[in-house]
Visitor: 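Mind looking over this structure? Questions follow.
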Amino acid sequence: TYIDGAKPRDFHWGDVWHYALARIVVAARAYGLRPVDGPFGDIADPAGYKAQCNRGAVLGCEGKWAIHPSQVALANEVYSPSE
């Protein structure tokens, strides 16, 4: 929220990958494939990685690349079935 005078304004920067990832999920499902989300490069940002995992899961991905050992547990936390 940014204060402009007395009125707060909410910003939503959007997700530049939303459309592309949604199309990948639809195409994969159409061909009987299991969609997997791509890498997240900032290995020093575990909260960002988990947020991207959640985004992929909501869009229908069944997993996400982990390019660093610290990301594996986070991906498993999001993509593993609930008990």
Side-chain angles (χ1 to χ4, degrees):
T1 303
Y2 176 75
I3 303 299
D4 185 14
K7 296 173 120 179
R9 290 189 302 182
D10 292 326
F11 287 99
H12 182 282
W13 296 107
D15 179 6
V16 298
W17 297 108
H18 181 92
Y19 177 75
L21 187 56
R23 289 293 305 255
I24 289 168
V25 170
V26 169
R29 297 285 183 201
Y31 287 93
L33 302 173
R34 300 172 69 188
V36 176
D37 193 3
F40 183 79
D42 188 356
I43 60 174
D45 182 10
Y49 180 78
K50 189 171 181 182
Q52 293 298 305
C53 285
N54 286 324
R55 184 229 25 209
V58 166
L59 290 176
C61 289
E62 293 188 20
K64 180 161 183 66
W65 290 16
I67 60 171
H68 189 270
S70 66
Q71 296 174 331
V72 174
L74 296 169
N76 286 336
E77 182 181 332
V78 173
Y79 289 105
S80 293
S82 58
E83 292 182 27

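Values reported hereafter were calculated over all heavy atoms of this structure, with side chains retained and with hydrogens, waters and symmetry mates removed.
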Visitor: Distance-only, no hydrogens or angles: does the Lys64 side chain make a donor-acceptor pair with backbone N or O of Gly38 under 3.5 Å?
Guide: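 Yes; at least one donor-acceptor contact below 3.5 Å.
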
Visitor: Look at the side chain of Tyr79 and the backbone N and O of Cys61, then say whether any donor-acceptor pair between them is shorter than 3.5 Å.
Guide: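 It does not hold such a pair.
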
Visitor: With a 3.5 Å distance limit and no angle check, can you tell me whether Gln52 reaches the backbone of Asp37 through a side-chain donor-acceptor pair?
Guide: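 Side chain of Gln52 to backbone of Asp37: no pair is present.
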
Visitor: May I have all residue pairs that pass salt bridge (Lys or Arg N to Asp or Glu O under 4.0 Å) and include part of residues 38-49, sequence neighbours excluded?
Guide: none

Visitor: Which atom names give the shortest non-hydrogen contact between Ile67 and Pro39, and what distance separates them?
Guide: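 Heavy atoms only, the tightest pair is CG2-CB, 3.8 Å.
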
Visitor: Using side chain to side chain contact (heavy atoms under 4.5 Å, CB included), reason through His68 and Tyr49 one step at a time and then give a plain yes or no.
Guide: CA-CA 11 Å; His68 189 270; Tyr49 180 78; over 6 Å; no

Visitor: Report the distance from atom CH2 of Trp17 to atom CG of Leu59, rounding to the nearest 0.5 Å.
Guide: 13.5 Å

Visitor: In Å, rounded to the nearest 0.5 Å, how long is the span from CD of Glu77 to SG of Cys53?
Guide: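 Going from the CD atom of Glu77 to the SG atom of Cys53 covers 9.0 Å.
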
Visitor: Looking at every heavy atom in both Ile43 and Ser70, which two are closest together, and how far apart are they?
Guide: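 Closest pair (atom of Ile43, atom of Ser70, distance): O-OG, 4.1 Å.
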
Visitor: Mind checking salt bridge (charged side-chain N to carboxylate O under 4.0 Å, His left out) for Arg29 and listing every partner two or more places apart, or none if nothing turns up?
Guide: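 By the salt bridge (charged side-chain N to carboxylate O under 4.0 Å, His left out) rule, Arg29 matches Glu62.
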
